[in-house]
Amino acid sequence: MTSHSDTPSRSVPFVLQVVGYKNSGKTTMITALTKLFKQAGCTVGTAKHDAHDFTMDTPGTDTWRHQESGADITAISSSSRSAVISARPEPLSALLTHMQHVDIVLVEGFKQEHYPKLILLRSPEDESLLSLTNPIMTAVWPQAKALSLPSIPHYDINDIPAIYNHLLTLL
């Protein structure tokens, strides 16, 4: 990490997976945590696994036209940002190679990867997620409080400050 008074120095980013089923709050959690880490002076990368085809580029733009014409990979860079669009799935490890310069990478999905995980439980049916590798904590929706949670820390899904503070202890 970059040197902050309250965060240790790291040579590689800390990677945290935020996993849960559809509509469990993954994107909301990642955006809230991103804001808090940024306020603390951290550099943050994000990655998302999408189970469906997605559209990142706007129809009619040059990069969209490149992809539409059949390009297997398209890169764009401006004075303030860069992006890579590939016409094939990439493993999380490949995506992370583009993020070695940040302090923390918040990953949405990629459930089977072996990074520390914040597991979001919306209902008792989601309990199977607790068998994933490397769970470090859970965030539980109020309607799922009756779950028998393992001995890992668990928080109310809406208690973002407590979740963030727990994550700070892991950095």
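Residue numbers count from 1 along this sequence. Quick caveat: nothing in here was measured; it's all calculated off a predicted structure.
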Check against side chain to side chain donor-acceptor pair (under 3.5 Å), His114 and Thr133: CA-CA 6 Å; His114 297 287; Thr133 60; 3.0 Å; yes

Residues Val15, Val107; criterion side chain to side chain contact (heavy atoms under 4.5 Å, CB included); working and verdict: CA-CA 7 Å; Val15 177; Val107 177; 3.8 Å; yes

Intermediate values then yes/no, side chain to side chain contact (heavy atoms under 4.5 Å, CB included), Phe110 and Val19: CA-CA 8 Å; Phe110 290 95; Val19 299; over 6 Å; no

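Side chain of Thr43 to main chain of Asp103: a donor-acceptor pair is present (N/O by atom type, distance under 3.5 Å, no hydrogens or angles). In this structure, Lys26 contributes its side chain and Tyr21 its backbone to a donor-acceptor pair below 3.5 Å. Side-chain atoms of Gln100 do not come within 3.5 Å of backbone N or O of Val12 as any donor-acceptor pair. A donor-acceptor pair under 3.5 Å links the side-chain atoms of Asp126 to the main chain of Arg122, judged by distance alone. Side chain of Ser78 to backbone of Ser80: a donor-acceptor contact under 3.5 angstrom is found. Side-chain atoms of Trp141 never come within 3.5 Å of backbone atoms of Ile157 as a donor-acceptor pair (strictly under, hydrogens ignored).
Atom OG1 of Thr34 is separated from atom CD1 of Ile30 by 6.5 Å, given to the nearest 0.5 angstrom. The CZ atom of Arg88 sits 7.0 Å away from atom CD1 of Ile73, with the distance rounded to the nearest 0.5 Å. To the nearest 0.5 angstrom, Leu95 atom CG is 6.5 Å from Glu90 atom CD. Atom OG1 of Thr61 is separated from atom CD of Glu68 by 10.5 Å, given to the nearest 0.5 angstrom.
Using a 4.5 Å heavy-atom cutoff, the side chains of Met137 and Ile152 are not in contact. Side-chain contact between Ile136 and Leu167 is present, with at least one heavy-atom pair separated by less than 4.5 Å. Between Leu130 and Thr138 the shortest side-chain heavy-atom distance falls below 4.5 Å. In this structure, the side chains of Met29 and Leu120 come closer than 4.5 Å at one or more pairs of heavy atoms. Residues Cys42 and Leu36 are not in side-chain contact: their nearest non-hydrogen atoms beyond the backbone lie 4.5 Å or more apart.
Of all non-hydrogen atoms in Ala47 and Met99, the two that sit nearest each other are CB-CE, 4.2 Å. Considering all non-hydrogen atoms of both residues, Leu106 and Val44 come closest at CD1-CG1, 4.1 Å. When all heavy atoms are compared, the tightest approach of Ile119 to Pro135 is CD1-CB, 3.5 Å. Considering all non-hydrogen atoms of both residues, Thr58 and Trp64 come closest at O-CB, 3.2 Å. Nearest approach of Pro13 to Val105, heavy atoms of both residues: CB-CG2, 3.9 Å. Between Asp156 and Ile163, the shortest heavy-atom contact is O-CD1, 3.9 Å.
Residue-environment remark: NZ (Lys35) stays at or below the threshold of 12 foreign heavy atoms within 6.0 Å.
Annotation: Tyr115 is not in aromatic contact with Phe14 [ring centroid separation under 6.0 Å not met].
Between Phe37 and Tyr164, the angle of the ring planes goes over 60°, which puts this pair in the perpendicular group of the 30/60° scheme.
Under the side-chain hydrogen bond (donor to acceptor under 3.5 Å, both in side chains) rule, Gln17 has a single partner from His49, Glu113, Lys117, which is Lys117.
There is no side-chain donor-acceptor pair under 3.5 Å between Glu108 and Thr46.
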